[in-house]
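Here's the structure we're looking at; comments come further down.
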Amino acid sequence: DVIDDGVPVRLEVMIPLAMEAEELRRLRELVVGTAGEVLRERGHSLPIVVGTMIELPRAALLAGELAVHADFFSFGTNDLTQTTMGLSRDDAGRFLPAYVAQGILRADPFKTIDEAGVGLLVEMGCRLGREAHPGLTVGVCGEQGGDPRSIEFFHRVGVDYVSCSPFRVPVARLAAAHAALGALGARREREDV
């Protein structure tokens, strides 16, 4: 309908909770087939971009297999944190402050990426996904997408973008700029050596 109104359209569909390449292949086929059929009926054509949310540890571990059937990944860090750490965000709020205060955890893993566990899965998923599909776009959505320490980590492992709640956008933009400048400075230092 909006194409008929002259509005430019970029059709992107994100499949949640993919855990198996064959599952994603079939869902991609269904999405592309159905969208293509509707577009043809309406006399339109446009590229159909299909990706997946990486929310399960298995998906991160098998990212190379999933990437064959995806145009993009979006790491759903809230769910990936829950499934990796075996924590419910609803219940963990009762004890996580004590874990942080007592030094058991460095930070609340639902606010700042747990680099050693969840972060390792993100890094691995980025690397495996891009080995199988060079040019794969990789993003992050979730609470950590607006956290400066997490943004620096995501930049370091090659994430293309983060999304966060609107009130955190100014902080996220500043943190992304700092991460990019820090990487530029480190690269220049290596070149000078």
Side-chain angles (χ1 to χ4, degrees), residues 9-32 34-35 46-85 87-89 108-115 117-173 175-177 179-180 183:
V9 172
R10 178 177 163 97
L11 180 57
E12 293 188 9
V13 177
M14 183 162 45
I15 309 294
L17 288 165
M19 65 173 180
E20 173 61 44
E22 179 61 14
E23 169 192 37
L24 187 58
R25 185 197 67 76
R26 290 180 188 198
L27 289 171
R28 179 188 183 95
E29 185 177 281
L30 177 65
V31 165
V32 170
T34 303
L46 54 95
I48 302 165
V49 177
V50 179
T52 188
M53 286 283 273
I54 305 291
E55 301 165 282
L56 302 171
R58 187 177 200 280
L61 294 169
L62 300 177
E65 294 177 22
L66 290 170
V68 172
H69 308 289
D71 299 310
F72 67 90
F73 284 168
S74 181
F75 284 88
T77 57
N78 294 337
D79 287 334
L80 188 59
T81 297
Q82 287 189 123
T83 57
T84 300
M85 298 184 82
L87 298 173
S88 164
R89 227 178 354 167
D108 179 335
F110 291 107
K111 294 179 181 169
T112 300
I113 189 80
D114 163 47
E115 291 185 30
V118 179
L120 182 61
L121 289 172
V122 171
E123 182 278 324
M124 183 183 297
C126 288
R127 181 175 38 80
L128 294 173
R130 288 195 172 124
E131 285 173 3
H133 182 169
L136 179 75
T137 300
V138 178
V140 166
C141 65
E143 200 64 26
Q144 297 142 345
D147 173 64
R149 282 193 345 213
S150 301
I151 290 169
E152 192 279 325
F153 170 80
F154 295 137
H155 180 80
R156 206 170 56 242
V157 300
V159 169
D160 297 307
Y161 69 89
V162 296
S163 68
C164 60
S165 57
F167 72 91
R168 297 190 82 177
V169 168
V171 170
R173 291 183 74 173

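The first residue in the sequence is number 1, and the count goes up from there.
- Rounding to the nearest 0.5 Å gives a distance of 4.5 Å between OG1 of Thr84 and CG of Leu121.
- Heavy atoms only, all atoms of each residue included: Ala63 and Gly125 are closest at CB-O, 3.4 Å.
- Scanning all heavy atoms of the two residues, the minimum distance from Cys164 to Ala172 falls at SG-CB, 3.9 Å.
- The neighbour count for Met85 CE, taken as heavy atoms of other residues, nucleotides or ligands under 6.0 Å away, is above 12.
- Side-chain contact between Arg149 and Glu152 is absent, with no heavy atoms from C-beta onward closer than 4.5 Å.
- Using a 4.0 Å cut-off between a side-chain N of Lys or Arg and a carboxylate O of Asp or Glu, Glu123 and Arg156 do not qualify as a salt bridge.
- In this structure the side chain of Val118 never reaches within 4.5 angstrom of the side chain of Phe75, judged on heavy atoms.
- Although no hydrogens or angles enter the test, the distance criterion places no donor-acceptor pair under 3.5 Å between the side chain of Glu65 and the main chain of Leu62.
- Under the 4.5 Å side-chain criterion, counting only non-hydrogen atoms from C-beta, His69 is not in contact with His133.
- Residues Thr83 and Glu55 have side chains not in contact (no heavy-atom distance under 4.5 Å, counting atoms from C-beta outward).
- Side-chain contact between Thr52 and Leu27 is absent, with no heavy-atom pair separated by less than 4.5 Å.
- The only option from Ile151, Asp114, Thr77 that meets the side chain to side chain contact (heavy atoms under 4.5 Å, CB included) definition with Gln144 turns out to be Thr77.
- Using a 4.5 Å heavy-atom cutoff, the side chains of Leu11 and Pro47 are not in contact.
- The shortest side-chain heavy-atom distance between Phe73 and Cys126 does not fall under the 4.5 Å cut-off.
- Atom CG in Leu61 sits 10.0 Å away from atom CD1 in Ile54 (nearest 0.5 Å).
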CA sep, side-chain torsions, deciding dist, call: Asp160, Phe72, side chain to side chain contact (heavy atoms under 4.5 Å, CB included): CA-CA 10 Å; Asp160 297 307; Phe72 67 90; over 6 Å; no
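- Of all the heavy atoms in Leu87 and Pro109, the pair that sits closest is CD1-CG, 4.3 Å.
- For the pair Val31/Ile15, a side-chain contact is recorded, criterion being any heavy-atom separation below 4.5 Å from C-beta on.
- Between the CG atom of Leu136 and the CG atom of Leu128 there is a distance of 11.0 Å, given to the nearest 0.5 Å.
- Asp147 and Thr112 share a donor-acceptor pair across their side chains, judged by distance under 3.5 Å alone.
- A salt bridge links Glu22 to Arg25: one of the charged nitrogens lies within less than 4.0 Å of a carboxylate oxygen.
- A salt bridge links Arg168 to Glu143: one of the charged nitrogens lies within less than 4.0 Å of a carboxylate oxygen.
- Put simply, the residue from Leu56, Ile113, Val140, Val122 that forms a side chain to side chain contact (heavy atoms under 4.5 Å, CB included) with Leu80 is Val122.
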Evaluation steps, side chain to side chain contact (heavy atoms under 4.5 Å, CB included), between Arg28 and Asp71: CA-CA 10 Å; Arg28 179 188 183 95; Asp71 299 310; 3.1 Å; yes
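- Distance check: Cys141 SG to Met14 CE gives 5.5 Å after rounding to the nearest 0.5 Å.
- Minimum heavy-atom separation, Ala175 to Pro148: CB-CA, 3.6 Å.
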